[in-house]
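Reviewing the structure listed below.
The first residue in the sequence is number 1, and the count goes up from there.
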Amino acid sequence: MLDTYTIRQDEMPQEMRFLLDQYPRDAWDAHPGFKEKTRHWLGAHQMFRRVSERVRLDAESLLNKDMALDDYARRLSYYGGNLVGNLHGHHGWEDHSYFPELSAADPRFDAGLEVLEKDHADLDRVLDDFTRQANRVIKLAHLDETQAREEAASVHRTSAVIEAFLSRHLGDEEELAVPIILHHRLRG
């Protein structure tokens, strides 16, 4: 399944990481420019990581017969809907508000922001497939348990893709954006 989606394997280009040397991740929290808005943004990223993991682990529980199908369908509806809806909203806000703010502050990083925007477009395709698969499982849960379990295997594979995608993307996004924010004292 990973082969059918484009997940960027390369780190952000080195020329996009030079501020990270001045503002390393382990020093962000202590920096006087590290404000509540940035904490909130990073907290949203942590939530995406946790929820995507929860969706994958729930699918594993169903496939291992450790969770009833009705319970799985209910959890998939809740956590899957939460993940997809919040990611779409978050990425839309980043593309239309947050990234333009970063670009205006320091256009040297526009190439990195373009990489991140492409990631958003690629992830949208994965999320659309996930939504179709999850909706099918939820419908089949009441109609045909065997087919629902087969489709849950697809949900599991796609949720693993989402997790891998978020691991690559969110780390790069944080390591590009936060140093710009700290350097230019944005988001205060």
Side-chain angles (χ1 to χ4, degrees), residues 1-12 37-99 113-177:
M1 187 61 115
L2 286 169
D3 297 338
T4 64
Y5 298 107
T6 303
I7 299 177
R8 183 173 47 81
Q9 299 299 312
D10 301 329
E11 288 187 354
M12 193 62 65
K37 288 180 183 178
T38 303
R39 281 184 219 291
H40 179 72
W41 179 71
L42 291 171
H45 284 190
Q46 283 306 104
M47 182 268 299
F48 295 136
R49 289 175 175 107
R50 284 192 307 272
V51 174
S52 66
E53 179 185 40
R54 176 77 276 140
V55 168
R56 178 185 53 79
L57 291 173
D58 282 355
E60 287 176 11
S61 291
L62 177 75
L63 296 172
N64 292 332
K65 300 186 179 183
D66 295 330
M67 184 183 293
L69 181 57
D70 286 343
D71 291 338
Y72 174 69
R74 188 178 63 256
R75 291 174 65 87
L76 178 60
S77 176
Y78 178 77
Y79 289 112
N82 178 293
L83 180 66
V84 171
N86 284 311
L87 273 172
H88 280 310
H90 183 80
H91 288 157
W93 171 78
E94 286 176 339
D95 290 344
H96 296 101
S97 179
Y98 199 51
F99 291 172
L113 296 171
E114 288 173 18
V115 168
L116 298 173
E117 286 178 4
K118 176 153 182 359
D119 282 354
H120 290 172
D122 292 340
L123 182 58
D124 281 349
R125 188 172 139 237
V126 179
L127 293 174
D128 289 346
D129 288 349
F130 172 81
T131 299
R132 277 192 294 282
Q133 294 163 351
N135 286 338
R136 185 161 163 76
V137 168
I138 292 164
K139 288 176 187 174
L140 286 171
H142 304 290
L143 301 172
D144 187 324
E145 184 172 341
T146 301
Q147 284 187 13
R149 287 181 182 280
E150 288 170 7
E151 193 65 31
S154 297
V155 168
H156 179 260
R157 287 188 298 273
T158 305
S159 66
V161 171
I162 293 168
E163 261 191 300
F165 206 112
L166 291 177
S167 177
R168 161 88 288 144
H169 172 75
L170 295 177
D172 284 345
E173 189 171 78
E174 292 162 1
E175 291 180 352
L176 181 69

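The existence of a salt bridge linking Asp172 and Arg168 is confirmed by a sub-4.0 Å separation between a basic side-chain nitrogen and an acidic carboxylate oxygen. Arg56 has a carboxylate O that lies under 4.0 Å from a charged side-chain N of Glu60, or vice versa, which qualifies the two as a salt bridge. One finds no salt bridge joining Asp122 and Arg8 here, because no Lys/Arg side-chain nitrogen approaches an Asp/Glu carboxylate oxygen to under 4.0 Å. A salt bridge does not link Asp128 to Arg125: none of the charged nitrogens lies less than 4.0 Å from a carboxylate oxygen.
Among the candidates Lys139, Arg136, Arg157, the single residue satisfying the salt bridge (charged side-chain N to carboxylate O under 4.0 Å, His left out) test with Glu151 is Arg136.
Annotation: the span from Leu76 atom CG to Phe130 atom CZ amounts to 5.0 Å, rounded to 0.5 Å. Here the CG atom belonging to Leu87 is positioned 8.0 Å from the OG atom belonging to Ser52, to the nearest 0.5 angstrom. Rounding to the nearest 0.5 Å gives a distance of 4.5 Å between CG of Leu62 and CZ of Arg149. We find the CZ-CG distance between Arg75 and Asp58 to be 4.0 Å, quoted to the nearest 0.5 Å. We find the CE-CG distance between Met12 and Leu176 to be 5.0 Å, quoted to the nearest 0.5 Å. With rounding to the nearest 0.5 Å, the separation of CE in Met47 from CG in Leu42 is 12.5 Å.
A 4.5 Å side-chain heavy-atom check between Glu174 and Thr38 finds every atom pair outside the cut-off. Within the 4.5 Å cutoff, the side chain of Leu116 has heavy atoms near those of the Asp119 side chain. Looking at Leu83 and Arg54, their side chains never come closer than 4.5 Å, going by heavy atoms from C-beta outward.
The two residues Ala164 and Ile7 have their closest heavy-atom pair at CB-CD1, 4.2 Å. Closest approach of Ile138 to Ala73, counting heavy atoms only: CG1-O, 3.8 Å. In terms of heavy-atom proximity, Ala152 sits nearest to Val137 at N-CG2, 3.5 Å. When all heavy atoms are compared, the tightest approach of Val155 to Ala134 is CG2-N, 3.8 Å. Scanning both residues, Leu170 and Phe48, for their nearest heavy atoms gives CD1-CB, 4.3 Å.
Using bins of under 30°, 30° to 60° and over 60° for the plane-to-plane angle, the ring pair His120/His169 lands in the perpendicular bin. By the 30° and 60° cut-offs, the orientation of the rings of Trp41 relative to His90 is parallel.
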Self-check item: Candidate pair His45 and Glu173, rule side-chain contact (heavy atoms from CB on, under 4.5 Å), full reasoning
Solution: CA-CA 10 Å; His45 284 190; Glu173 189 171 78; 2.8 Å; yes
Quiz prompt | Test side-chain hydrogen bond (donor to acceptor under 3.5 Å, both in side chains) applied to Ser154 and Gln133, step by step | solution = CA-CA 7 Å; Ser154 297; Gln133 294 163 351; 4.7 Å; no
Practice problem: Using the salt bridge (charged side-chain N to carboxylate O under 4.0 Å, His left out) rule, take Glu53 and Arg49 through it: C-alpha gap first, then chi angles, then the decisive distance, then the call. | Solution: CA-CA 6 Å; Glu53 179 185 40; Arg49 289 175 175 107; over 6 Å; no
Exercise. Take Glu114 and Lys118, measure what salt bridge (charged side-chain N to carboxylate O under 4.0 Å, His left out) needs, and give me the verdict at the end.
Key: CA-CA 6 Å; Glu114 288 173 18; Lys118 176 153 182 359; over 6 Å; no
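Using a distance-only test at 3.5 Å, with no hydrogens or angles considered, no donor-acceptor pair links the side chain of Ser77 to the main chain of Arg74. The backbone N or O of Glu163 lies less than 3.5 Å from no partner atom in the side chain of Ser167, so there is not a single donor-acceptor pair. Looking only at distances, no side-chain donor or acceptor of Asp144 sits under 3.5 Å from a matching main-chain atom of Leu140.
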